[in-house]
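So you know, we letter chains A, B, ... as the sequences are listed, proteins then strands, and number each from 1. Values below: every heavy atom of this structure, side chains too, minus hydrogens, waters and symmetry copies. Owing to the predicted nature of the structure, the values given are computational and were not obtained by experimental measurement.
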2 protein chains.
Amino acid sequence: MDNKKVSVKDIARLANVSIATVSRVLNKNGRYSAETEQRVLDIVKQYGYTPNASAKSLRTNRSQSIGVIVPDITNEFFAKIVRSIENSILPYNYSVFICDSHEDARLENQHLANLIAKNVDGVIYISGKSDVAAQDEENDLPVVYIDRMPEHAYATVQSDNEYGGYLATEELLRKGCKRIVLLSDMRPLSSVSQRTMGYIKAHEKYGVTVINDLKADGGASYHIAKQKTAELVEKGVTFDGIFATNDMMALGALHALLEHKIEVPGQVKLVGFDDISLSGFCEVPITTITQNTERIGERAVKVLMKLMLGEANDAQHYVVPVSLNVRKST
Amino acid sequence: MDNKKVSVKDIARLANVSIATVSRVLNKNGRYSAETEQRVLDIVKQYGYTPNASAKSLRTNRSQSIGVIVPDITNEFFAKIVRSIENSILPYNYSVFICDSHEDARLENQHLANLIAKNVDGVIYISGKSDVAAQDEENDLPVVYIDRMPEHAYATVQSDNEYGGYLATEELLRKGCKRIVLLSDMRPLSSVSQRTMGYIKAHEKYGVTVINDLKADGGASYHIAKQKTAELVEKGVTFDGIFATNDMMALGALHALLEHKIEVPGQVKLVGFDDISLSGFCEVPITTITQNTERIGERAVKVLMKLMLGEANDAQHYVVPVSLNVRKST
DNA sequence: ATGAAAGCGCTAACAT
DNA sequence: ATGTTAGCGCTTTCAT
């Protein structure tokens with residue numbers, strides 16, 4: 001965007017070589033003398049030449065950029081993943097388009113179309129879509145799904161959600177809880193059902209019966225969780241533990257309990273999931289499952305690079321470990 | 001990225017027109033019959049044709065994408081702005097590159113260079129740089145600065161920081177505080193100095209002397225604020241109010257006070273800035289200044305569009321209103 | 001080791 | 001109203 005942007009042509013002229021040679025030097029393709037290389041590089045530096053990405057992209061059909069589609073960049077958990085993705089791909093000199101889908105499938109598709117039109121080399125995708133990846137199959141765009149796994153996804157990276165659910169529930173069980181409410185997102189997200197599975201398995205392991213009445217489904221939001229919890233209390237349901245499938249819901253539950261003068265962890269113990277900073281900073285710091293956002297982002301980039309370079313011969317599925325972060329609520 | 005991507009050429013052939021006509025239809029440049037238009041559009045739809053952005057960009061020298069440089073996408077305040085920017089520019093069919101600078105000037109420059117190489121049409125920039133915008137002047141890339149204002153910036157959008165600082169301090173003053181600690185980021189950020197100015201003006205207005213010993217500078221972080229506040233208490237400094245220039249710092253202060261058994265708002269009242277959700281969810285919900293992230297993003301996009309379209313004849317400086325959100329800490 | 005030239009897909013003169 | 005054509009800046013055969 002300089003007033004008069006210099007091009008290969010200019011560099012070639014100034015260095016007394018052909019444009020082909022300039023291109024070779026710039027791309028380290030060999031077949032030039034050390035001397036020529038130096039000369040070209042000097043001129044390049046002197047004139048602050050940078051190759052025109054559009055031209056390059058047009059010619060090579062690769063754009064050196066990727067897209068990342070997230071449900072809500074405002075959510076710390078997703079923001080951290082995005083940040084890790086960016087950090088991890090920076091060394092490869094890729095740029096990243098961020099698309100916030102607002103948990104809306106229509107917007108997701110629009111964004112995906114935009115990204116394709118922009119010639120991205122690959123996409124990292126946290127999709128709200130529970131099912132298939134139909135349109136991704138058509139075009140052979142490399143896509144790695146993270147956090148939520150649509151069926152038939154070829155490449156995925158996710159936390160060990162089931163074990164996380166297990167750990168969370170086990171923590172409650174070990175601290176003596178017998179009637180544990182499962183406060184879960186009702187959307188058909190793989191992450192949620194996996195966490196639920198962990199909840200069930202922990203019960204089995206500890207020989208405690210899962211009580212279905214204690215399931216309180218709803219949206220993933222703070223408000224719904226708060227309301228659902230309040231309802232349970234007001235209906236007189238007895239319970240001594242809550243496992244919320246994410247921290248925002250755990251926080252909502254906490255507030256509902258506190259408002260009803262129920263002591264945490266005295267009367268009811270509480271575990272969340274994600275480990276967003278809110279869970280550590282609230283009235284009663286909440287025990288939670290830490291997701292390693294750093295690792296998730298790194299791994300997603302690694303896998304995507306593999307796909308983009310055509311080095312992946314078969315499906316790529318990665319699971320990153322989670323850990324229990326015990327705080328005051330248990 | 002389809003297996004065999006269709007091009008204007010294909011569409012032209014299939015529709016029995018020239019490629020020029022196809023281009024005209026697609027860009028609504030007129031000089032074609034309604035009938036031709038229909039035919040072309042049908043074919044386009046039928047074959048799912050999308051123009052190659054690289055080619056278009058190469059030809060027109062515009063990429064239909066912008067860059068956004070933020071200090072920390074993980075910070076809810078910045079994330080909200082990013083989201084608003086995205087929402088606002090979506091209708092124009094621009095894509096946005098996100099660059100997280102980690103508050104690091106070197107990274108900022110690298111990102112900026114990358115963006116320029118990627119041919120972005122403009123940049124929205126939350127810079128850590130306190131000074132100038134030297135290199136932006138060279139290349140005539142449209143840049144709008146938000147939140148933090150380097151000197152000589154041509155286009156800026158920011159909150160009414162001074163008034164925010166005034167409102168915050170006034171709230172403390174009106175509730176009877178006489179000795180108000182200013183807990184501020186020591187980095188030379190325009191936003192901080194403006195808020196400080198508001199703090200001073202409020203004192204003047206209410207005839208209360210500003211006590212310089214009560215200034216506690218430090219980084220913008222939770223931990224530093226907590227530590228600084230603890231120090232004040234331990235040194236036996238008397239104060240009855242704290243104005244922290246952002247919510248994370250306010251939270252740090254709150255925790256330090258609580259740990260020292262100082263009642264909030266009983267003994268010390270506290271006001272923050274930003275209105276991130278954390279400030280509403282903590283032990284003692286913190287009174288704060290709400291920044292209208294929505295409006296900031298919208299306005300930034302409006303201004304940037306103006307610049308990109310060459311419609312701005314002179315410097316563009318916008319200030320968006322703030323408001324006081326009274327909670328429990330005052 | 002180097003150069004000439006074709007062509008990626010598109011837009012915009014310039015014809016007609 | 002429509003077509004022909006040059007050329008954006010680059011990579012990549014194919015020569016030499």
Side-chain angles (χ1 to χ4, degrees), chain A residues 1-41 43-44 47-65 93 116-121 139, chain B residues 1-41 43-44 47-65 93 116-121 139:
Chain A
M1 297 256 160
D2 289 272
N3 282 334
K4 277 247 183 290
K5 191 101 152 98
V6 298
S7 75
V8 258
K9 233 184 215 161
D10 302 314
I11 301 298
R13 184 168 35 76
L14 291 161
N16 261 311
V17 293
S18 71
I19 58 168
T21 300
V22 175
S23 176
R24 286 193 197 102
V25 170
L26 257 32
N27 295 297
K28 303 194 203 312
N29 274 334
R31 287 174 297 169
Y32 47 81
S33 66
E35 172 186 22
T36 319
E37 179 181 21
Q38 198 50 57
R39 191 147 32 95
V40 170
L41 257 25
I43 301 280
V44 164
Y47 286 82
Y49 166 75
T50 46
N52 180 316
S54 303
K56 195 164 187 161
S57 170
L58 173 60
R59 184 59 231 248
T60 63
N61 212 26
R62 290 177 313 107
S63 64
Q64 291 274 108
S65 59
N93 240 295
I116 291 172
K118 284 272 156 61
N119 268 311
V120 294
D121 299 337
N139 48 64
Chain B
M1 298 255 161
D2 289 272
N3 283 333
K4 276 249 184 291
K5 190 101 154 98
V6 298
S7 75
V8 257
K9 233 183 216 163
D10 302 313
I11 302 297
R13 184 168 35 77
L14 291 160
N16 262 311
V17 293
S18 71
I19 59 168
T21 300
V22 175
S23 176
R24 286 195 198 99
V25 170
L26 258 33
N27 295 298
K28 304 194 202 313
N29 274 335
R31 288 174 298 167
Y32 48 80
S33 67
E35 172 185 23
T36 319
E37 178 180 21
Q38 197 51 54
R39 191 146 33 92
V40 170
L41 257 25
I43 302 280
V44 163
Y47 286 81
Y49 166 75
T50 46
N52 180 316
S54 303
K56 195 166 187 160
S57 169
L58 175 59
R59 185 58 232 244
T60 62
N61 213 23
R62 290 177 315 105
S63 63
Q64 292 274 109
S65 59
N93 239 294
I116 291 173
K118 284 271 155 61
N119 268 310
V120 295
D121 299 338
N139 47 65

In whole Å, what is the span from the CD1 atom of A:Ile19 to the C1' atom of D:dT12?
10 Å

How large an angle, rounded to 10°, do the end axes of the helix from C:dA1-D:dT16 to C:dT16-D:dA1 enclose when each is built from five base pairs?
40°

Shortest non-hydrogen contact from A:Leu58 toward B:Asn52
CD1-ND2, 4.2 Å

I'd like to know if the side chain of B:Lys118 and the backbone of A:Gln64 have a donor-acceptor N/O pair within less than 3.5 Å.
yes

Round to a whole Å and report the spacing from NZ of A:Lys118 to C1' of C:dG9.
16 Å

Let's go through A:Asn27 and A:Lys56 carefully: what are the C-alpha distance in whole Å and the side-chain angles of both, what is the deciding distance for side-chain contact (heavy atoms from CB on, under 4.5 Å) to 0.1 Å, and is it a yes or a no?
CA-CA 11 Å; A:Asn27 295 297; A:Lys56 195 164 187 161; 3.6 Å; yes

OP1, OP2 of C:dG3 versus side-chain N and O of A:Ser18: anything below 4.0 Å?
yes

What is the distance from CG of B:Asn119 to C1' of D:dC8, rounded to the nearest Å?
11 Å

Please check if any side-chain donor atom of A:Ser54 sits under 3.5 Å from a side-chain acceptor atom of B:Asn119, or the reverse.
yes

What nucleotide among C:dA4, D:dG9, D:dT2 has an atom nearest to a side-chain atom of B:Thr36?
D:dT2

Nucleotide C:dG7, atom P - distance to CG of A:Asn61 in whole Å
17 Å

Check the distance between D:dA1's C1' and B:Gln38's CD and give it to me in whole angstrom.
17 Å

Closest to the A:Arg24 side chain, choosing from D:dT2, C:dA4, D:dG9
C:dA4

Selected nucleotide, minimal atom distance to B:Ser33 side chain, candidates C:dT11, D:dC10, D:dT2
D:dT2

First encountered from the 5' end of DNA chain D, between B:Arg59 and B:Tyr32
B:Tyr32

Picking from C:dC10, C:dT2, D:dG3, the nucleotide nearest the side-chain atoms of B:Ser7 would be C:dC10

Taking only the side-chain heavy atoms of A:Val8 (C-beta and beyond), determine which of C:dA12, C:dC10, D:dC10 contains the nearest atom.
D:dC10

B:Tyr32 and B:Arg24: which non-hydrogen atoms are nearest, and at how many Å?
CE2-O, 3.5 Å

Check the phosphate of D:dC10 against A:Thr60, side-chain N and O only, distance under 4.0 Å to OP1 or OP2. Yes or no?
no

From the set C:dG3, C:dT11, C:dC14, return the single nucleotide nearest to any side-chain atom of B:Asn27.
C:dT11

Test A:Asp10 against A:Tyr47 for side-chain contact (heavy atoms from CB on, under 4.5 Å), laying out the working first.
CA-CA 10 Å; A:Asp10 302 314; A:Tyr47 286 82; over 6 Å; no

Determine whether B:Leu26 and B:Tyr49 make a side-chain contact, defined as any pair of heavy atoms from C-beta on separated by less than 4.5 Å.
yes

Whole-Å gap separating C1' (C:dG7) and CG (A:Leu58):
9 Å

Does a side-chain N or O from B:Lys56 land closer than 4.0 Å to OP1 or OP2 of C:dT11, or not?
yes

Which nucleotide sits closest to the side chain of A:Asn29: C:dA1, D:dT12, C:dG3?
D:dT12

Would you kindly give the CZ-to-C1' distance between A:Arg62 and D:dC10, to the nearest whole Å?
13 Å

Rounding to a whole Å, what distance do you find between A:Tyr47:OH and D:dG9:P?
17 Å

For C:dG9, does OP1 or OP2 lie under 4.0 Å from any side-chain N or O of B:Ser54?
no

Taking any heavy-atom pair under 4.0 Å as a contact, classify A:Ser57: base, sugar-phosphate, or nothing.
nothing

If you define the side chain from C-beta out and look only at heavy atoms, does anything of A:Asn16 sit under 4.5 Å from A:Arg39?
yes

